[in-house]
Amino acid sequence: MTIELIQTTPIEGQMPGTSGLRKKTRVFMEPTYLENFIQATFDAIGGGAGKRLIVGGDGRFFNRDAIQTILKMAAGNGVVEVIVGQGGILSTPAASHLIRLNKADGGFILSASHNPGGIDEDFGVKFNGQNGGPAPEQLTAKIFEATKTITGFKTVPASDIDLNATGTVQLGEMKITVVDPVESYQALMETLFDFAAIRALFAGGFTMRFDAMHAVTGPYATAILENALGAPDGTVVNGKPLEDFGKGHPDPNPIWAKPLMDLMMSDAAPDIGAASDGDGDRNMIVGRGVYVTPSDSLAILAANAHLAPAYKGGLAGIARSMPTSAASDRVAEKLGIGSYETPTGWKFFGNLLDAGKVTICGEESAGTGSNHVREKDGLWAVLLWLNILAVRKQSVAQIVTDHWQTYGRDYYSRFDFEDVAINQANELMQGLRASLSSLAGQTHAGLSVATADEFSYDDPVDGSVSKNQGVRIGFEGGGRAVFRLSGTGTQGATLRLYLEQYSGAGGEIHTDPQTALQNVRDAAFAISKMQATIGRTTPDVIT
Ligand code: VG1
Ligand code: CO
């Protein structure tokens with residue numbers, strides 16, 4: 001089969017953010033936009049010759065078309081084999097697992113994660129490397145450089161490949177293996193958790209609702225929770241992946257998963273509620289009448305992980321992203337293991353996991369995972385919760401309350417200000433940076449500033465430095481405010497303000513976290529001059 005070199009010119013703004021390249025779907029559909037980015041990635045990894053890759057996505061609009069383009073370009077670039085999920089479906093953690101299982105050289109994951117899907121919504125491409133994890137910063141920088149100098153891309157002229165049936169097909173010299181997207185992921189979960197104990201839990205009448213939000217986890221959750229673990233039919237809702245996610249935001253938080261939240265706060269609540277996002281790497285956990293914040297969930301999972309077979313020997317260490325609350329640090333301290341603070345984005349956990357320094361990682365944005373893959377993993381977190389519940393034989397609420405009694409409570413909330421004018425968002429961040437050196441000792445909203453800095457990360461494994469990862473302001477009395485700009489938005493700038501307030505064991509108890517966070521919030525508004533710079537202090541989304 002002849003390889004075609006099709007001429008192209010650089011396209012502006014192909015800069016991978018926190019989690020790959022994310023743009024409006026129509027932008028990805030423009031001639032050569034996707035092709036340029038894929039070719040730039042091949043160029044940045046030293047070409048495709050002789051390589052084996054994994055390809056799949058979350059099923060959103062343009063998923064199948066993008067996969068066809070990538071398959072033909074992979075053949076054009078000399079790739080020897082691509083393993084692709086049937087129907088083009090692979091959750092992000094399942095793709096990470098397939099890379100590792102097959103010792104592949106990497107993989108393309110098509111997803112804009114929790115962003116809405118459809119022709120007028122968002123699309124995205126992530127490249128993961130040999131270890132199964134998101135491309136590290138050095139590689140994304142190389143990809144970006146390559147998008148600026150590209151002159152052409154390689155492909156083969158061929159008709160579309162049938163992805164509906166599992167099996168092997170040839171595309172010129174390249175082999176394409178279409179696999180069941182769930183099978184090997186499920187097999188991995190069976191090695192990590194006590195399926196017999198969880199099966200017994202369900203057989204004993206334990207009830208659950210899992211909201212797949214019309215996104216990729218539907219088939220995974222149905223196979224694992226209902227078919228393998230015996231949860232009653234109907235436990236998984238919105239289980240069919242749709243191209244537009246039923247017009248919703250497949251974002252598992254109390255705002256976008258409101259029907260699940262309402263159920264869990266009602267008299268009809270099952271024992272546990274859970275949800276996952278577009279590409280299956282995030283999770284939300286809700287007990288009957290109690291929402292578990294992702295930061296608390298990370299800490300609770302870490303404190304109880306030894307109850308599941310895979311972690312019975314204990315944890316090597318715990319890592320959290322900088323804006324995540326300090327709850328997991330307290331667990332690490334008690335366990336006498338290392339704790340690490342990394343910039344936002346799963347790519348920063350890869351080195352720590354590869355080096356065996358940590359076993360469990362998490363982010364405040366509903367991401368938790370372990371060394372079983374190199375991505376956060378929504379269903380994994382749900383299964384670990386189920387395993388813990390099966391062993392402890394207590395309710396979610398009891399486990400959470402017990403955790404707070406032991407460690408104290410980290411009240412936590414994130415405010416998102418979306419579609420802020422980019423210059424205003426930059427002005428706010430610049431203003432904060434300029435004030436850092438004089439902030440300590442000042443009092444705002446009755447709180448005295450103890451520390452103020454901009455987070456910079458020195459990777460303890462490879463020595464790389466990542467600067468400008470967010471402004472942190474610590475207050476006397478255990479409060480903290482963090483400001484950073486999102487790397488996954490597709491319109492204007494998204495400013496994130498993260499608030500936390502520690503209240504020690506036996507400390508004051510607030511039913512509404514926002515009450516506990518009031519002073520930190522007001523101090524953050526005042527210090528950043530938010531009203532003056534961006535013209536508002538009311539966020540679009542509070543989680
Ligand atoms: C957001 C979250 C971050 C997460 C990233 C990708 O990034 O804050 O914690 O790793 O999304 O998640 P940002 O830069 O917008 O704050 V996902 O589920 O898109 O892979
Ligand atoms: Co995601």
Side-chain angles (χ1 to χ4, degrees), residues 15-23 57-60 90-96 109-117 122-128 133-135 137 140 212-213 215-217 220 245 249-253 256-257 275-284 293-295 298 319-325 341-350 361-369 373-381 412 414-420 425 429 455 466 468-470 482-498 539-541 543:
M15 169 84 167
T18 323
S19 189
L21 180 68
R22 233 173 256 196
K23 293 281 170 196
D58 64 8
R60 70 179 60 222
L90 280 181
S91 76
T92 289
S96 179
I109 304 171
L110 295 320
S111 174
S113 190
H114 54 286
N115 295 21
D122 296 346
F123 193 77
V125 180
K126 311 190 259 190
F127 182 76
N128 284 29
E137 284 213 310
T140 54
M213 306 189 84
V216 82
T217 48
Y220 294 85
F245 307 121
H249 282 239
D251 192 353
N253 64 41
W256 299 117
S276 190
D277 72 331
D279 61 329
D281 56 0
R282 297 186 178 204
N283 74 91
M284 174 169 103
T293 69
S295 294
L298 170 66
R320 63 163 171 89
S321 68
M322 181 274 282
T324 304
S325 93
E341 186 177 32
T342 60
T344 296
W346 209 262
K347 59 182 142 195
F348 294 101
F349 294 134
C361 314
E363 295 193 274
E364 53 64 44
S365 53
T368 9
V373 288
R374 292 294 179 273
E375 286 278 3
K376 53 190 186 270
D377 188 343
L379 260 171
W380 169 89
Y412 193 86
R414 183 176 102 181
F415 288 11
D416 293 335
F417 301 86
E418 292 169 357
D419 204 1
V420 178
M429 293 303 293
F455 182 51
S466 303
N468 301 331
Q469 297 296 326
V482 170
F483 295 84
R484 64 176 280 279
L485 297 182
S486 156
T488 61
T490 55
Q491 210 160 330
T494 297
L495 171 70
R496 303 202 196 284
L497 168 59
Y498 309 79
D540 297 279
V541 180
T543 50

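Everything numeric in this text was worked out from a predicted model, so none of it was measured. The analysis underlying the following values was restricted to heavy atoms, covering all of them including side chains, and did not include hydrogens, waters or symmetry mates. For ligands, and for the atoms within them, numbers begin at 1 and follow the listed sequence.
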**Student:** What protein heavy atom sits nearest atom 1 (C) of ligand 1, and how far away is it?
**Tutor:**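 Protein heavy atom with the smallest distance to atom 1 (C) of ligand 1: Arg282 NH2, 3.7 Å.
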**Student:** For atom 9 (O) of ligand 1, grab the closest protein heavy atom and report residue, atom and distance to one decimal in Å.
**Tutor:**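 Among all protein heavy atoms, the one nearest atom 9 (O) of ligand 1 is Ser365 OG, 2.6 Å.
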**Student:** Can you name the atoms of ligand 1, numbered from 1 with element, that are less than 4.0 Å from a heavy atom of Thr344?
**Tutor:**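 Near Thr344, the atoms of ligand 1 are 3 (C), 8 (O), 9 (O).
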**Student:** Which residue and non-hydrogen atom of the protein lie closest to atom 8 (O) of ligand 1, and at what distance in Å?
**Tutor:**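 For this ligand atom, the closest protein heavy atom is Arg414 NH1, 3.5 Å.
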**Student:** So which protein heavy atom does atom 10 (O) of ligand 1 come closest to, and at what separation?
**Tutor:**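 Checking every protein heavy atom, the shortest distance to atom 10 (O) of ligand 1 gives Glu363 OE1, 2.7 Å.
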**Student:** Does any donor atom in the side chain of Thr344 or Glu363 lie under 3.5 Å from an acceptor atom in the other side chain?
**Tutor:**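 Short answer, no.
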**Student:** Ignoring hydrogens and angles, tell me if any N or O in the side chain of Arg282 forms a donor-acceptor pair with the backbone of Ser365 under 3.5 Å.
**Tutor:**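 It does hold such a pair.
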**Student:** With a 4.5 Å limit on heavy-atom distance, are the side chains of Leu495 and Met429 in contact?
**Tutor:**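 Side-chain contact under 4.5 Å: yes.
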**Student:** Ignoring hydrogens and angles, tell me if any N or O in the side chain of Asp540 forms a donor-acceptor pair with the backbone of Glu418 under 3.5 Å.
**Tutor:**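 Judged by distance alone, yes, a pair lies under 3.5 Å.
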**Student:** What are the two closest heavy atoms between Arg496 and Ser486, and how far apart are they?
**Tutor:**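 Nearest pair, atom of Arg496 first, then Ser486: NH2-OG, 3.4 Å.
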**Student:** Hey, is Asp277 touching ligand 1 through its side chain, its backbone, both or neither, going by heavy atoms under 4.0 Å?
**Tutor:**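 Answer for Asp277: side chain.
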**Student:** Taking only Lys NZ, Arg NE, NH1 and NH2, and the carboxylate oxygens of Asp or Glu, determine whether Glu341 and Arg320 approach each other closer than 4.0 Å.
**Tutor:**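 Yes, charged N to carboxylate O under 4.0 Å.
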**Student:** For Ala319 versus Leu298, what's the shortest heavy-atom pair and its separation?
**Tutor:**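 In terms of heavy atoms, the two residues are closest at O-CD2, 4.2 Å.
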**Student:** Which of the numbered atoms in ligand 1 are below 4.0 angstrom from a heavy atom of Gly487?
**Tutor:**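 Per the distance check, 13 (P), 14 (O), 15 (O).
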**Student:** Given side chain to side chain donor-acceptor pair (under 3.5 Å), test Glu137 with Ser466 step by step and report yes or no.
**Tutor:** CA-CA 8 Å; Glu137 284 213 310; Ser466 303; 2.9 Å; yes
**Student:** For atom 12 (O) of ligand 1, what's the nearest protein heavy atom and its distance?
**Tutor:**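 The answer is Lys376 NZ, 2.9 Å.
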**Student:** Measuring from non-hydrogen atoms of Ser321 to any atom of ligand 1, is the shortest distance under 4.0 Å?
**Tutor:**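 Flag not set, Ser321 not near ligand 1.
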**Student:** Going by the order shown, which atoms of ligand 1 are within less than 4.0 Å of some heavy atom of Gly345?
**Tutor:**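 Those atoms are 10 (O).
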**Student:** Quick one about Asp58 and Ser91 (side-chain donor to acceptor, distance below 3.5 Å, no hydrogens or angles considered), yes or no?
**Tutor:**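 Looking only at side-chain atoms, Asp58 and Ser91 do not form any donor-acceptor pair under 3.5 Å.
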**Student:** Do Ser113 and Asp277 pair up side chain to side chain, a donor and an acceptor below 3.5 Å, judged on atom types alone?
**Tutor:**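 Short answer, yes.
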**Student:** Return the CG to OG1 distance between Asn253 and Thr543, rounded to the nearest 0.5 Å.
**Tutor:**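 Output value for this atom pair is 5.5 Å.
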**Student:** Which residue from Arg496, Lys347, Arg22, Glu364 reaches closest to atom 13 (P) of ligand 1 through any of its heavy atoms?
**Tutor:**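 When every heavy atom of Arg496, Lys347, Arg22, Glu364 is considered, Arg496 comes closest to atom 13 (P) of ligand 1.
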**Student:** Among the heavy atoms of Arg484, does any lie under 4.0 Å from an atom of ligand 1?
**Tutor:**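 So Arg484 counts as touching ligand 1.
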**Student:** Under 4.5 Å between any side-chain heavy atoms of Phe349 and Thr342, yes or no?
**Tutor:**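 Result yes, sub-4.5 Å side-chain heavy-atom pair found.
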**Student:** Decide whether an N or O pair under 3.5 Å exists between Leu485 and ligand 1.
**Tutor:**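 No, there is no polar N/O contact under 3.5 Å.
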**Student:** Can you list the atoms of ligand 1 that are under 4.0 Å from a heavy atom of Lys126?
**Tutor:**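 Once the distances to Lys126 are compared, the set is 20 (O).
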**Student:** Nearest protein heavy atom to atom 7 (O) of ligand 1, by residue and atom, and its distance?
**Tutor:**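 Nearest protein contact, heavy atoms only, for atom 7 (O) of ligand 1 is Thr488 CG2, 3.6 Å.
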**Student:** Looking only at protein heavy atoms, which one is nearest to atom 20 (O) of ligand 1, and how far off is it?
**Tutor:**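 Looking only at protein heavy atoms, the one closest to atom 20 (O) of ligand 1 is Asp281 OD2, 2.9 Å.
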**Student:** What protein N/O/S atoms sit under 2.8 Å from the Co ion (ligand 2), by chain and number?
**Tutor:**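 Sorted hits: Ser113 OG, Asp277 OD2, Asp279 OD1, Asp281 OD1.
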**Student:** Is it true that Arg60 and Asp279 have a side-chain N and a carboxylate O under 4.0 angstrom from each other?
**Tutor:**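 Looking at Arg60 and Asp279, the cut-off is not met.
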**Student:** Side chains of Lys376 and Thr92: any donor to acceptor distance under 3.5 Å?
**Tutor:**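 On atom types as modelled, these side chains do not qualify, holding no pair under 3.5 Å.
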**Student:** May I ask you to identify the nearest protein heavy atom to atom 18 (O) of ligand 1, giving residue, atom name and distance to one decimal place in Å?
**Tutor:**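 Residue, atom and distance for the closest contact: Ser113 OG, 2.5 Å.
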